[in-house]
Amino acid sequence: MDKHYYSRSRQPKKKSLARLVIFLFLLAAVTILSVFSLSQYMAVQTLQSKHNSLEERLEQVEEENIMLWQLHDELYEENVRLREENKMLRSSTVIEHGNREINKVAITIDDGTSANLMHKTLDHLKEHNVKATLFPMGSWVEREPEAWQRAVDEGHELGNHTYSHAFLTTIPEEKVREELNRWEEAVEEALGYSYETLFFRPPGMDGFTATQNSQKQRLMEIIGEKGMFTILWDVELIYALRNEASTPKRITQHVLDNARGGSIVLLHFTENDIAALPAILKGLRDRGLEPCSLRELLLADPGT
Ligand SMILES: [Zn+2]
């Protein structure tokens, strides 16, 4: 009886314990799943909000990008306009001197010379620590490439004076371009790299102080297109001293009597002009005028 009772009473206990275990197991599983789902849900939410803010940022970046492109286009157009204006400005500008308020005088030396005289010129300029602007013909640069290379290496600048000293207002347009281009080629060949100059000086003045004519106008446009200014001078010797013996002393005197702030002095690579060069440089400084290159004169701030 006892045995029977015992066995009957054990069975339900076992079952309820098993149910409890299953129940607890299920509860635990549900809880774990719930927690897991909740954390998944929260992770998704976080990702979603991150995604949203990234999308917003992307939209902003796209908008900024569009704005930058617009700005780029505007700047590009402005640049084209300024270049055009610059070209017009250059093509209508003939410079005879710089700002009179500046106590500087540009030293420019034209044509070409033997390597010997060239090195003597560069020695004088070096000794006085002066940078000058030299206007050689391309044919002279071809003849003495090392000397012109030395000139550029020592900080002097070169200006286009045509290849063969041609008077550009009297030859056809294609010849004009050829004269200017061959100068560039000769200089590039001598230096070993392409050299851009801001300055053009018409050989023999070539009618540049005479009244306008259509050929000169066209020539000025070509010079402007090539990015150059036409440079004349306000102190020179060939015309001024044509009826006098131009000794180095007389040359020096004439330059010192006539140069003032902003002047552009025209010398040539002749024995007499180069012999006068040291006294000219010293004399200018004694008068409070600093000899310099065209770039230094024309790009200087007033008061410097
Ligand atoms: Zn010349």
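As the structure lists them, so they are numbered: ligands from 1, and atoms in each ligand from 1. From a predicted model like this one, the values you see are computed outputs, not experimental measurements.
- For Trp148 and Phe135, the ring centers are positioned 6.0 Å apart or more.
- The Zn ion (ligand 1) does not have His268 among its coordinating residues (no N/O/S atom, backbone or side chain, under 2.8 Å).
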- Task: Any chance you could lay out the side chain to side chain donor-acceptor pair (under 3.5 Å) test for Ser263 and Asp234, step after step, and finish with the verdict?
- Result: CA-CA 6 Å; Ser263 278; Asp234 65 332; 2.9 Å; yes
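- When the N, O or S atoms of His165 are ranked by distance to the Zn ion (ligand 1), NE2 comes first.
- Taking each heavy atom of Val105 and Arg260 in turn, the nearest pair found is CG2-O, 3.5 Å.
- Counting backbone and side-chain atoms alike, Asp111 contributes an N/O/S atom closer than 2.8 Å to the Zn ion (ligand 1).
- Relative ring orientation between Tyr193 and Tyr195 is described as tilted, the plane-to-plane angle lying within the 30° to 60° band.
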